[in-house]
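Working notes, beginning with the structure itself.
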Amino acid sequence: MIVRTRFAPSPTGFLHIGGVRTALFNWLLARHHGGQFILRIDDTDQQRHVEAAVALILDGFRWMGMDWDEGPEAGGPHGPYFQSQRADRYRKATEALIAGGHVYRDYSTQEERDADRREAEAFKRAYRFRRKPVSDADLARFEAEGRPYGLRFEVPLGRTLVLNDLIKGPVEQKTDEIGDFVIVRPDGTPLYNFASVIDDADMQITHVVRAEEHLTNTFPQMLIFEALGYQLPAFAHVPFVAAPGSRKKLSKRDGAVGLDEYINRGYLPSAMMNYLSRLGWSYDDTQEIFSREELIEKFSLDRVNSSPASHDPDKLFWIQGEWMRKLPLEQKVDGVLPFLKREGLAEEPISDAFRQRVEAVVVALGDRLKVFGDILTLGRYFFTETLTHDPDAVKKRLRKDGVPQLLAELDQVLETVEPFDVPSLEKAIHDYAESHGHPMGQVVNPLRVATTGQGVGPGLYDCLAILGRASCRRRIAETLAMLQTS
RNA sequence: GGCCCCGUCGUCUAGCCUGGUCUAGGACACAUGCCUUUCACGCAUGCAACACGGGUUCGAAUCCCGUCGGGGUCACCA
């Protein structure tokens, strides 16, 4: 049997990382078994801007490196892959259910149902719709009136359904607990529980891996599969993702929950995939870092936790650091460039010299560069001559007796050092400190703040060399002036 | 409220199915120290959990029951 999994997002214009994780588990399962991963768009709601929202989803998947075998753009033999274009299929399935006597026309009104619901609530009972006897006369009248009706599935009573969930284990549900549910609205459009079954059957999905909020939905769906004589796929319900430091479901109010936010900060797809895979899944008691290939090889549903996991931005950040460290220099430069461009800090078009400068900065930054966006916070001063002094650093390193004189003397050192490179700078500044009896920290730190404006950063000699002689001296002069006037 | 799912360090988790090897292991975060021109890295150390209560058993994180807590569902939403 070929494993076929799917992810069926609604085009809401937002890719929740919890959803991305669910998609990842589906993708991983398919790839692990050499099967297929299908993308299907649940757009029965027919909102506007569907196209843009779909594009956002596809971009997110492409960024993550989760390729789909069938779906939008890819096509496939079981299409269309947009629910809005599958009305035909739903109608045929509806006819089959009618022929089989599994559904009935429900002429109830919104008011009647609301009243029943309120009554159930008042008696603290679950609200369950059941078929009410309708006299032939009434039925004839309704039909004559052309009164609108929904189509309801008549749930067979007295049975116990058993779902062997691949994550949750065996789960039982008595059919008496399930109310007759609507599968088609009066306007002919299908509801999720129905459309989803038809789609999964048509597309020959073998494993339905989805959010646990659908666990109870599964029982009505099983009834539809059965009524239509379709083979039941395997189900796996993935626990929800909780907010950081909590057991409550992660929502948009809990900070960064959209995939795009992480993309915009310069996170790596490899890191995001690694992180998301470990959120609710583990391979053994020690391994934290997994490559995409390794995940495909090692992923299995039986090691997915049955309890919720909470989103941990700190851990994501750490994993990101691990992957960033492994990234080849060239790719780091490529990753950083868009951020520089966005802020107008890059030459356009990019010259070889500029690229070399960026490369030098990235090398100097080393492990300090965790996400690509860090280039803007940690390396800004390499790309602008507008010096911004950090007040704390100025107070700590520059507001000291003797500092102006020290900087003036260091300026002399920088004027003459030849060549202006790391070894020479290191030797010259070392010699200066030694000959004047200054501890290195008292020389290096003021000079760092004077030339970069910051108290922290890469090794000082690297900074000076990248900046170049003229820039360093200009900045020292500027700092000296600043110290005098304020 | 009925029904269903879930409950190990702050967080991700191992262990649970197949009770003893668990004075509960690893990782992130945090704290301290070392390294060091700052920061980051690295290294070392530390802090920290079986939700609670019963039961079964020679023995329970592991099995059973209950309580509490969290989540889902009970839509002509998905």
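Throughout, a chain's letter reflects where its sequence line sits, starting with A, and its residues are numbered from 1.
Between C28(B), C76(B), A78(B), one nucleotide has an atom nearer to the side chain of Asp106(A) than all others, and that is C76(B). In this structure, of G1(B), C76(B), G25(B), it is C76(B) that holds the atom nearest to the side chain of Ser108(A). Here the side chain of Leu215(A) is nearest to one of C76(B), C4(B), C6(B), namely C4(B).
Counting heavy atoms from C-beta outward, Ser310(A) and Leu250(A) have side chains that stay 4.5 Å or more apart.
At a non-hydrogen distance threshold of 4.0 Å, Val444(A), Asn445(A), Arg448(A) from residues 440-454 of chain A come into contact with RNA chain B.
Annotation: cation-pi geometry satisfied between Arg265(A) and Tyr262(A) (NZ/CZ under 6.0 angstrom from ring centroid, within 45° of ring axis). Note that Lys370(A) lies outside the cation-pi zone of Phe372(A), set by a 6.0 Å cut-off to the ring centre and a 45° limit from the axis.
Straight-line distance between the C1' atoms of U73(B) and G66(B): roughly 24 Å, to the nearest whole Å.
Between Asn305(A) and the phosphate of A14(B), there is a side-chain N or O to OP1/OP2 separation shorter than 4.0 Å. Between Thr189(A) and C76(B), a side-chain N or O to OP1/OP2 separation shorter than 4.0 Å is absent. The shortest distance between the side-chain N/O atoms of Ser310(A) and the OP1/OP2 oxygens of U11(B) is not below 4.0 Å. Put simply, Arg303(A) has no side-chain N or O that comes within less than 4.0 Å of OP1 or OP2 on C16(B). At the phosphate of A75(B), OP1 or OP2 sits under 4.0 Å from a side-chain N or O atom of Arg117(A). At C77(B), one or more side-chain N or O atoms of Arg185(A) fall inside 4.0 Å of OP1 or OP2 (strictly under the cut-off). Contact annotation: Arg325(A) side-chain N/O to C41(B) OP1/OP2 distance is not under 4.0 Å. The phosphate of G1(B) has neither OP1 nor OP2 within less than 4.0 Å of any side-chain N or O from Arg118(A). Residue Lys248(A) has a polar side-chain atom (N or O) positioned under 4.0 Å from OP1 or OP2 of G71(B).
Between His311(A) and Tyr275(A), the distance from one ring center to the other falls under 6.0 angstrom. Ring pair Phe194(A)/Phe153(A): centre-to-centre distance not below 6.0 Å.
Looking at heavy-atom distances under 4.0 Å, Pro308(A) makes contact with sugar-phosphate atoms alone, never a base.
Not a single donor-acceptor contact under 3.5 angstrom links the side-chain atoms of Glu212(A) to the base of G71(B). In terms of polar N and O atoms assigned as donor or acceptor, the side chain of Lys370(A) never comes within less than 3.5 Å of the base of A40(B) in a complementary pairing.
Remark: the Arg448(A) side chain and the Thr452(A) side chain contain no N/O donor-acceptor pair separated by less than 3.5 Å. For Tyr104(A) and Asp180(A), the side-chain atoms include at least one donor-acceptor pair closer than 3.5 Å.
The residue among Tyr149(A) and Thr216(A) whose nearest nucleotide of RNA chain B lies closer to the 5′ end is Thr216(A). Each of Gly455(A) and Ala126(A) was matched to the nucleotide of RNA chain B holding its nearest heavy atom; the match closer to the 5' end belongs to Ala126(A).
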